Structures are given as structure tokens and as C-alpha cells.
Participant: 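To start, I am sharing the structure in question, which I have written as C-alpha cells.
A, B, ... follow the sequence lines: proteins, then strands. Residue 1 opens every chain. Computed from a predicted structure; not experimentally measured.
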2 protein chains.
Amino acid sequence: MTSSRSTRRDALRNRDAILDAAARCLSDDPGASMSDIAKAAGVVRVTIYGHFASREELVEAVLIRTIDRSEAELAELDLEGDPVAALDRLVRRSWRIVDTFHRLLGAAEEALSNERIMAHHAEPMARVQALIERGQREGSMRRDLSAEWLTTCFSALLHSAAAELRAGRLAEADADRVVATTVVSLLTAPAG
Amino acid sequence: MTSSRSTRRDALRNRDAILDAAARCLSDDPGASMSDIAKAAGVVRVTIYGHFASREELVEAVLIRTIDRSEAELAELDLEGDPVAALDRLVRRSWRIVDTFHRLLGAAEEALSNERIMAHHAEPMARVQALIERGQREGSMRRDLSAEWLTTCFSALLHSAAAELRAGRLAEADADRVVATTVVSLLTAPAG
DNA sequence: TCTTATCTCGACACCGATGTATAAGTTAAT
DNA sequence: ATTAACTTATACATCGGTGTCGAGATAAGA
């Protein structure tokens, strides 16, 4: 098992290229084939099997990697203080990431049956929900809808914005403002 | 081509059963196979090819049929008068339909390349957008976000509600109120 | 009842994707 | 420079899905 020599640099580079390519391919087509991914990585298909035993394993690796990166990106974000301001920061910072992740999850659902992965997905959303619950307790966010449902809306709106951006129906320059305005106003809307 | 005898009743029945089954199967799994659909229709796979030349043709037929039915269901809805009240009626009446349709469209995107179909899809959404635009003109709906984007939000929220309902995270009894409240409050929110 | 349309059954060719195997070439560690 | 690790090229087995075909069974129209 443990060989005398250490892993070669080009092998590590390839492994990385494959993960990058897979992330790109799978997020814009959940059904992307191993050949597609290999081509995008500048590698021959068989090479992928030198690093990942199966498509399933590759998808899982990509997903975990993306989760870790997202976590890192969002971890440094301050969610303390005024909940509405925190929400605004959160939205502006995370909506692109959330979307990539969401699309990747689409690919994973077809290829994976791993609850551990789903647990990983639940965690960041739980953080959003906690923020919303705090906003509700402190009176700056609406109480007529459940925090759970509002969290779902949060996610849906971020995802829609990303889709509109991709489709060219939303201008890059407007995007941040639009998505933040939308989410914040929905969560702070009057009880009617 | 035109045979002396008219089409047999059981053939029509089967054709119908196939369309029904396809609508069900494809809306909860866009990748459902011809075998799956045949099984659900109580028919053998080859029989489908007696009615539809290919998977593509079947998907198209299902889509058109669903569009027609949705149109019929929504056509009788009165969108005149107070735009906000009309929006409320529209949401409550259409969110389930919109979702089925949306899911079917997911199946179609993989199997079809037909712009005519996409045009059909655009029409009902255009009606929603027109209503929103009227609301904006008459001052009862927000103007700080474009009618186009608000239409997208409308669709996204309806779709989310349906997904939550399916997942059991939203109670059947609450659903109508929740989705209507959400959409209406987002579209009438103050400009901040 | 007779006739014809339609359904079933089983088999088949085809395609694209996954995963394995082997030999020969290339690259990096030591 | 030597050696082990890695990549390539190529071929193959397998699997599931699509679409086709022909023969026999069955149901409906006249």
C-alpha cells in the first residue's frame, strides 16, 4: 500500500485539474460524462480512473471540495449585529456560491445516495435559518411565515438570480442589488 | 393512410393512458424511460411506438397536452380589477399546476430542441408579467425591481412551495396561505 | 361472424456510457 | 541515470436505453 516514493507532482496536478473540470462540467450539466470531464481536464478518460474509482466517487469528491471551499468563503463572514444587515451581507457574499453548489447537488442526487453529503448540505442552510430566527425574535423580521419556509425562499431566490444571470436576463451590474433587495424585503415585509 | 375503419376505442384509451402515465412519470423523474412509462400505463413498451414515433414525440405530446389543460384551467380566471387581489387569486389557483408544468419542462429540455414549445411556455408567464406591470403602473406593486425579475420570483416561489409540499416540509393545509402571502408581500413590499 | 386494427411477446441491432485490462510511452523522484 | 509512478492508446466486456421487426393472440368494428 504505502509505496517508497511520494506522489508525483504531475499526478497531483492532474487530480486537481480533474476536480476543477468536473466541478465546471457537472454544474452546467448534471449528466456530464466521464469523457466530457476528461476532455475538459485535458486528460484521457482512463486517467480519471487512476484517481477516482468510479463516477460516483468523483462526484462525491467534487461535492465535498466545493462544500469545503464554500464554508471557507463564508466562515469569515460576520453574522452578528443587526440581523437584517447581516442578511444583506450574507446574500451579497454567497449567492453565486450557493448556486454553484446547488447545481452540483443536482448532479450528486443522481449519482449518490450518501446521507453524509446531505448532512453537509444542511449545515450552511441551518446557519441561514438561525439568522432568520434571530431576526424574528428581535422583531426585525416577519413572523407570519416560518423561518424554515423563509430559508427555502432565501435559497430559491438566490438560485433564480443566478439562473437569470446565466441566461443573460439579469445584468451583472444589477445582480447584487436586485438579489439583496429582493431577499431583504421579503424577509422584512410587514405582516399585512 | 386513411383506412376504411375508424380508430378503435381501446387504441384511444391506450393512447390516453400512455399520456397520463408519461405525465406522471416524467414529472417526478425527467429521465423516466419508455419502459417505466409503459409499465405505469399498463401497456407493453412497443405499444407506445404504435402511438408515438419516438420518445421525443411522446414528450412533446405530453407537454402540449399539459399546456392546453393549464391554459384551460387558468383561462377562466379573472385578472381584472385590483391587481393585488388578482395576483392573490392567480397564485392560489395556479401554483400546483405551474409546478407540474415546470417539472415536465425539465424533462422536455433534455429531449426537445423545439422553440415552438418554449414559446408556449412563455405565454402564461407573459400574462403574469402583464399583471405585474399593471400593478406597478397603478401603484399597488413595487417599482424598484423590474416586472421581469418579479415574474421570475413569482415562478420560483410557486415552484419552491410545491417542492416543499412534496418533501413533506410544508403542510397541505398551510400551503395556499403561505405561498399567496409570500408572493403578494414580495410584490407589494415598500421600496425601502 | 368475419375482418382488420391493435396489442403482446420475444428477439435483435445500435448507441453511449461505465469500468477493466494491457502494453508502450513519458515524467518525475531518488 | 535509474527506477518507479503515472499517462496514454487501444481494446474489450457489460449495461441500459432506444427503436425495429415479425408472428401470434386478442379485441373491436361491420
Participant: Rounded to the nearest angstrom, tell me the gap between atom CD in A/Glu57 and atom P in C/dT20.
Facilitator: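 Value for this atom pair: 11 Å.
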Participant: When you measure from the side chain of B/Ser33, which nucleotide among D/dT8, D/dC6, D/dT18 comes out closest?
Facilitator: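 Of the candidates, D/dT18 comes closest.
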Participant: Closest to the A/Arg9 side chain: C/dA29, C/dG19, D/dG19?
Facilitator: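 Nearest to the side-chain atoms of A/Arg9, counting from C-beta on, is C/dA29.
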Participant: Find the distance between CZ (A/Phe101) and CD (A/Glu71) and round it off to the nearest 0.5 Å.
Facilitator: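 Here the interatomic distance stands at 8.5 Å.
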Participant: Please figure out whether B/Arg45 or A/Asp10 has its closest DNA chain D nucleotide nearer the 5' end.
Facilitator: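 The answer here is A/Asp10.
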Participant: When the distance from CD1 of A/Ile48 to C1' of D/dA9 is rounded to whole Å, what number comes out?
Facilitator: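 Computing the A/Ile48:CD1 to D/dA9:C1' distance gives 16 Å.
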Participant: Using the closest heavy atom to pick a nucleotide of DNA chain D for each, name whichever of B/Thr7 or A/Thr7 lands nearer the 5' end.
Facilitator: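 Result of the comparison: A/Thr7.
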Participant: What is the nucleic acid contact for B/Val46, judged by heavy atoms within less than 4.0 Å: base, sugar-phosphate only, or nothing?
Facilitator: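 Since a base atom lies under 4.0 Å of B/Val46, the category is base.
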Participant: Rounded to the nearest Å, what distance is computed from the CZ atom of residue A/Phe52 to the P atom of nucleotide C/dA17?
Facilitator: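 Atom CZ in A/Phe52 sits about 20 Å away from atom P in C/dA17.
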Participant: Please say whether more than 12 non-hydrogen atoms of neighbouring residues, nucleotides or ligands are located less than 6.0 Å from NE2 in A/His159.
Facilitator: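 Counting neighbours around NE2 of A/His159, more than 12 heavy atoms of other residues, nucleotides or ligands fall under 6.0 Å, so yes.
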Participant: State whether the distance check finds a donor on one side and an acceptor on the other, under 3.5 Å, for side chain A/Arg8 versus base C/dT27.
Facilitator: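 Donor-acceptor pair under 3.5 Å: yes.
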Participant: Once you round it to whole Å, what is the distance between C1' of D/dA27 and CG of B/Leu12?
Facilitator: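 From B/Leu12 CG to D/dA27 C1': 14 Å.
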Participant: Applying side-chain hydrogen bond (donor to acceptor under 3.5 Å, both in side chains), run through B/Arg169 and A/Thr152 and close with a yes or a no.
Facilitator: CA-CA 10 Å; B/Arg169 288 189 296 269; A/Thr152 300; 5.4 Å; no
Participant: Got a second to check how far B/Ile132's CD1 is from B/Ser146's OG, nearest 0.5 Å?
Facilitator: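 Nearest 0.5 Å value for the CD1-OG distance: 9.5 Å.
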Participant: Check this one for me: any side-chain N or O of B/Asn14 less than 4.0 Å away from OP1 or OP2 of C/dT6?
Facilitator: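 For B/Asn14, the contact criterion (side-chain N or O under 4.0 Å from OP1 or OP2 of C/dT6) is not met.
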Participant: Can you check the A/Arg55 CZ to D/dG16 C1' distance for me, whole Å?
Facilitator: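 After rounding, the gap between these two atoms is 15 Å.
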Participant: In whole angstrom, give the distance that lies between atom NE2 of A/His51 and atom P of D/dA5.
Facilitator: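 Rounding to the nearest Å, NE2 of A/His51 and P of D/dA5 are 14 Å apart.
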Participant: Could you check which of C/dC7, D/dT18, D/dC6 has an atom nearest any side-chain atom of B/Thr47?
Facilitator: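 Comparing C/dC7, D/dT18, D/dC6 against the side chain of B/Thr47, the answer is C/dC7.
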Participant: To the nearest Å, how far apart are A/Arg15 CZ and D/dA5 P?
Facilitator: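 Rounded to whole Å, this separation is 18 Å.
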Participant: B/Tyr49 has an atom OH; how far is it from atom P of D/dG22, in whole Å?
Facilitator: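 Atom OH in B/Tyr49 sits about 17 Å away from atom P in D/dG22.
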Participant: Taking only side-chain N and O atoms of A/Ser54, does any of them lie within less than 4.0 angstrom of OP1 or OP2 on C/dT20?
Facilitator: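 Checking A/Ser54 against C/dT20: no side-chain N or O falls below 4.0 Å of OP1 or OP2.
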Participant: Crowded around A/Arg166 CZ? As in, over 12 foreign heavy atoms under 6.0 Å?
Facilitator: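 It does: A/Arg166 CZ has more than 12 such atoms within range.
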